[in-house]
Protein chains: 2
Amino acid sequence: MGERELLVLGLLKTQSQHGYQINDFIERNLGRVSDMKKSTAYLLLKKLNQSGYVGVSIEQDGNRPPKQVYSITPAGEAKFLELLREALNQFDDVTPSGDIGLMYIDYLPRDEAIRFLQERVEKVEALLAVYANAPKHGFGVGVDLSIRHRVVLLKTERDWLKQCVEQLPK
Amino acid sequence: MGERELLVLGLLKTQSQHGYQINDFIERNLGRVSDMKKSTAYLLLKKLNQSGYVGVSIEQDGNRPPKQVYSITPAGEAKFLELLREALNQFDDVTPSGDIGLMYIDYLPRDEAIRFLQERVEKVEALLAVYANAPKHGFGVGVDLSIRHRVVLLKTERDWLKQCVEQLPK
DNA sequence: ATATGATTAGTCACATATGACTATAACGTT
DNA sequence: AACGTTATAGTCATATGTGACTAATCATAT
């Protein structure tokens, strides 16, 4: 259990919801903090239910097909706090992707390799532009801190890539 | 197919090997560039073989149980270059982990939350010390560039975390 | 009326990755 | 000769995550 479970439990803490709403909220408002997909959301809801952290009730809305409404249980509230503490305090070292290619860079003509790396820099810069121009978000400090996180990581990535190009032996 | 397949094909390009050697080399020499595990290595070898990018032959060594020796095929050589170009030129935006907790930080007493974040800073600094003191590696420029990558990312992480703590409203 | 697209609510096969486990042989030490 | 350790070579159950798919209802424009 990790951040994704924490995210779902936290959304249910605000109000009981069905799967669609959960996913919709994440897609619309938290796209810059989580990339969780719909099927994963439903999967987690099911698992959290089996573990007793969320309850399900059926809601019939006029003629619409019946919906599963999920709500957090007391055990879920406790788990939420446990996961929150864990999430705030833990740091996972992640192996950055994109480095393996550099190990074999000498198998390509130097100028071709450099062109690839420069294209890569441009991709990073394009993304940077998107995030840097993101409007302040209303959902809370957290989302803004998270966008700031991405921005500084992307800048670091860009600068490191540029340094790689420079430091490459002729 | 991605970086991991590229890594394996690249190691076979240098010389034909069996699964054990591949994994052993990665664990011993490339632990700072890839975190691929043994079972994954064997899995990739099998898949690459099924796709015709590596061939297998049996080698009997005295009384030892027979070994599968893997070697790269011409198709594998071509695939290697294709994957290398892709790896050098692509940039994947990755959602950084550890941000979800910040969204819910107000559910904990502020001082407790800050203690957790400070512990997290210490973890980052501990890792930073490990990588910063890593000796220059002989395998090639790539490995050193990769270590540099981790170091700058970790520094960014540390600084961002410190900023988070400061910017938190009282 | 009716076609189109958004809303709502999921399911399922599939790919990836790994931890835990099994086995044998060689080698050094006591 | 018994024993622990390392080298060797894998297999397998399991967990995670997602893309592609199905289906029904409702709102809106044509």
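Chain A is the first sequence line, chain B the second, and so forth, proteins listed ahead of strands; every chain is numbered from 1. Just so you know, these numbers use all the heavy atoms, side chains as well, and skip hydrogens, waters and symmetry mates.
- When the side-chain nitrogen and oxygen atoms of B/Q68 are compared with OP1 and OP2 of D/dG10, one or more of them lie within a distance under 4.0 Å.
- In the set D/dG10, D/dA7, C/dT8, the nucleotide with an atom closest to the side chain of B/Y20 is D/dA7.
- The distance between the ring centers of B/F80 and A/Y107 falls below 6.0 angstrom.
- The pair A/K79-A/E82 counts as a salt bridge, with a side-chain nitrogen and a carboxylate oxygen less than 4.0 angstrom apart.
- Here the P atom of nucleotide C/dG10 and the OH atom of A/Y42 are 5 Å apart, to the nearest Å.
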Practice task
Take B/Y131 and B/L153, measure what side-chain contact (heavy atoms from CB on, under 4.5 Å) needs, and give me the verdict at the end.
Solution key: CA-CA 11 Å; B/Y131 287 118; B/L153 286 175; over 6 Å; no
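- When the P atom of C/dT16 is taken as reference, atom CG of B/L45 falls 15 Å away, rounded to whole Å.
- Put simply, CD1 on B/I22 is 13 Å from P on D/dT8, counting in whole angstrom units.
- OP1 or OP2 of D/dG10 has not a single side-chain nitrogen or oxygen of B/K46 nearer than 4.0 Å.
- Among all heavy-atom pairs drawn from B/V94 and A/R150, the shortest one is O-NH2, 3.8 Å.
- Judged as a ring pair (Phe, Tyr, Trp, His ring centres under 6.0 Å), the pairs with a partner in residues 148-170 of chain B (not counting sequence neighbours) are, in order, A/H149-B/W160, A/W160-B/H149.
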Where do N or O atoms of nucleotides 15-18 of chain D meet protein N or O atoms at under 3.5 Å, pair by pair?
from: D/dT16; atom 1: OP2; to: A/K47; atom 2: NZ; distance (Å): 2.6
from: D/dT18; atom 1: OP2; to: A/R4; atom 2: NH2; distance (Å): 2.8
from: D/dT18; atom 1: OP2; to: A/T40; atom 2: OG1; distance (Å): 2.9

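- Per the geometry, OH belonging to A/Y70 stands 13 Å off C1' belonging to C/dT8, to the nearest Å.
- Here the side chains of A/L7 and B/Y104 are in contact, with some heavy-atom distance below 4.5 Å.
- If you measure from atom CD of B/Q50 to atom C1' of C/dA15, you get 13 Å, rounded to the nearest angstrom.
- Between the CD1 atom of A/I58 and the P atom of C/dT8 there is a distance of 17 Å, given to the nearest Å.
- At least one side-chain heavy atom of A/L145 sits under 4.5 Å from a side-chain heavy atom of B/L168.
- Atom P of nucleotide D/dT8 and atom CD of B/Q21 are separated by 7 Å, given to the nearest angstrom.
- We find that CD of B/E27 is positioned 12 Å from P of C/dT18, with the value rounded to whole Å.
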